[in-house]
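Taking it in order: structure first as structure tokens, then the write-up.
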Amino acid sequence: MAEVAGFNHFGVTVSDMASALAFWRDLLGLELLGHGVVEYDHLDQIVGLAGTRIEWAELALPSGGRIELFRYLSPDGRQLDGKVNDAGKTHLCLQVRDVDGLLERLQRAGVRSAYPQPVEIPTGDWRGFRCVYVFAPDEVVVELVERPVD
């Protein structure tokens, strides 16, 4: 039977690799596994575009899985300015320790957040979790969540 076996990676198309790496690697502290430029027929087929030339970077998530950054050198893409409530907009949720400290560090570096501090969820299955949305380069929505201390 075909089934989902687990999480592999989250891909993000970026407009500027240096800014993206400054956020994902330098501010969030994810390990850079590789970085380069590729032009592959099989990649053209996978993404459904002809003549792609892609700068890529791959970063490791501590609990497994990866963040994959693509910057299309050709063909050119367009900049979208989607809001968090627009259909098709996605977000990545990262479980963190010390959400207050991480948010403060991100804000000092100029990263925008949807709310000035983490919000504690008062009810339901997520009761006690503290969450905040931050915006990575290209307006990628990243939710930071801290589990309650048991």
Side-chain angles (χ1 to χ4, degrees), residues 2-38 43 46-49 52-73 75-150:
E3 62 183 35
V4 174
F7 175 77
N8 185 278
H9 73 271
F10 178 78
V12 179
T13 300
V14 302
S15 62
D16 177 49
M17 188 61 74
S19 294
L21 287 172
F23 178 82
W24 297 99
R25 179 194 57 207
D26 302 339
L27 289 173
L28 291 184
L30 300 182
E31 176 189 0
L32 180 65
L33 299 174
H35 178 216
V37 174
V38 293
L43 191 53
I46 292 169
V47 301
L49 296 170
T52 60
R53 185 164 185 262
I54 299 170
E55 180 182 11
W56 64 275
E58 200 168 74
L59 301 111
L61 291 170
S63 61
R66 297 169 183 211
I67 303 291
E68 180 181 76
L69 306 176
F70 273 12
R71 182 172 75 96
Y72 283 82
L73 303 172
D76 286 337
R78 59 188 172 99
Q79 185 70 28
L80 299 176
D81 189 24
K83 305 281 188 239
V84 297
N85 61 331
D86 286 345
K89 186 73 173 177
T90 63
H91 75 271
L92 169 69
C93 182
L94 298 175
Q95 186 168 306
V96 303
R97 290 185 288 282
D98 187 16
V99 69
D100 295 293
L102 179 55
L103 180 60
E104 182 181 326
R105 187 170 84 224
L106 293 173
Q107 289 171 334
R108 275 196 317 266
V111 174
R112 187 170 63 85
S113 61
Y115 199 70
Q117 70 260 350
V119 174
E120 186 168 324
I121 298 174
T123 62
D125 293 342
W126 286 73
R127 181 187 180 119
F129 281 78
R130 300 183 64 240
C131 309
V132 64
Y133 273 14
V134 298
F135 298 92
D138 300 303
E139 294 298 298
V140 174
V141 181
V142 179
E143 181 180 6
L144 305 175
V145 61
E146 182 177 27
R147 295 179 75 82
V149 177
D150 294 329

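D98 CG to D100 CG: the interatomic distance, rounded to the nearest 0.5 Å, is 6.0 Å. The CG atom of L102 lies 6.0 Å from the CG atom of L28; values are rounded to the nearest 0.5 Å. One distance of note links CZ of R71 with OG of S15; it measures 8.5 Å at 0.5 Å rounding. Taking CD1 of I54 as the reference point, atom CZ of F70 lies at 5.0 Å (rounded to 0.5 Å). Within the model, atoms CG of L59 and CD of E31 stand 8.5 Å from one another, a figure rounded to the nearest 0.5 Å.
Atom CZ of R127 is surrounded by 12 or fewer heavy atoms from other residues, nucleotides or ligands within 6.0 Å.
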Quiz prompt | CA sep, side-chain torsions, deciding dist, call: V140, F23, side-chain contact (heavy atoms from CB on, under 4.5 Å) | solution = CA-CA 11 Å; V140 174; F23 178 82; over 6 Å; no
Exercise. Decide yes or no on side-chain contact (heavy atoms from CB on, under 4.5 Å) for V119 and C131, but give the supporting numbers first.
Key: CA-CA 5 Å; V119 174; C131 309; 5.8 Å; no
Exercise. Applying side-chain contact (heavy atoms from CB on, under 4.5 Å), run through D138 and D16 and close with a yes or a no.
Key: CA-CA 9 Å; D138 300 303; D16 177 49; 5.9 Å; no
Quiz item: What do the steps show when you test Y133 against V142 for side-chain contact (heavy atoms from CB on, under 4.5 Å), and what is the final call?
Solution: CA-CA 6 Å; Y133 273 14; V142 179; over 6 Å; no
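For the pair V141 and K89, the minimum side-chain heavy-atom distance is below 4.5 Å. Looking at heavy atoms from C-beta onward, L144 lies out of side-chain contact with E146 at the 4.5 angstrom threshold. Counting only heavy atoms from C-beta outward, the side chains of L103 and P116 never approach each other to under 4.5 Å. Put simply, the side chain of M17 reaches to within 4.5 Å of the side chain of L69, judged on heavy atoms. Using a 4.5 Å cut-off on side-chain heavy atoms (C-beta onward), L106 and F135 make no contact. Under the 4.5 Å side-chain criterion, counting only non-hydrogen atoms from C-beta, F10 is not in contact with L61. Annotation: side chain of D26 is not in contact with side chain of L21 (no heavy-atom distance under 4.5 Å). Counting only heavy atoms from C-beta outward, the side chains of V38 and L43 approach each other to under 4.5 Å.
The nearest pair of heavy atoms linking P137 to S19 is CG-O, 3.5 Å. Taking all atoms of both residues into account, the shortest heavy-atom contact from A57 to H35 is CB-CD2, 4.0 Å. Of all heavy-atom pairs spanning V132 and Y115, the tightest one is CG2-O, 3.7 Å. Scanning both residues, P62 and L30, for their nearest heavy atoms gives CD-CD2, 4.0 Å.
Across R66, E68, E58, a single residue satisfies side chain to side chain donor-acceptor pair (under 3.5 Å) together with H9, and that is E68.
Checking side-chain atoms of R105 against main-chain N and O of L27 turns up a donor-acceptor pair under 3.5 Å.
Counted by atom type alone, S113 and Q107 present one or more donor-acceptor pairs between their side chains at under 3.5 Å.
A salt bridge links R112 with E139: at least one charged nitrogen is closer than 4.0 Å to a carboxylate oxygen.
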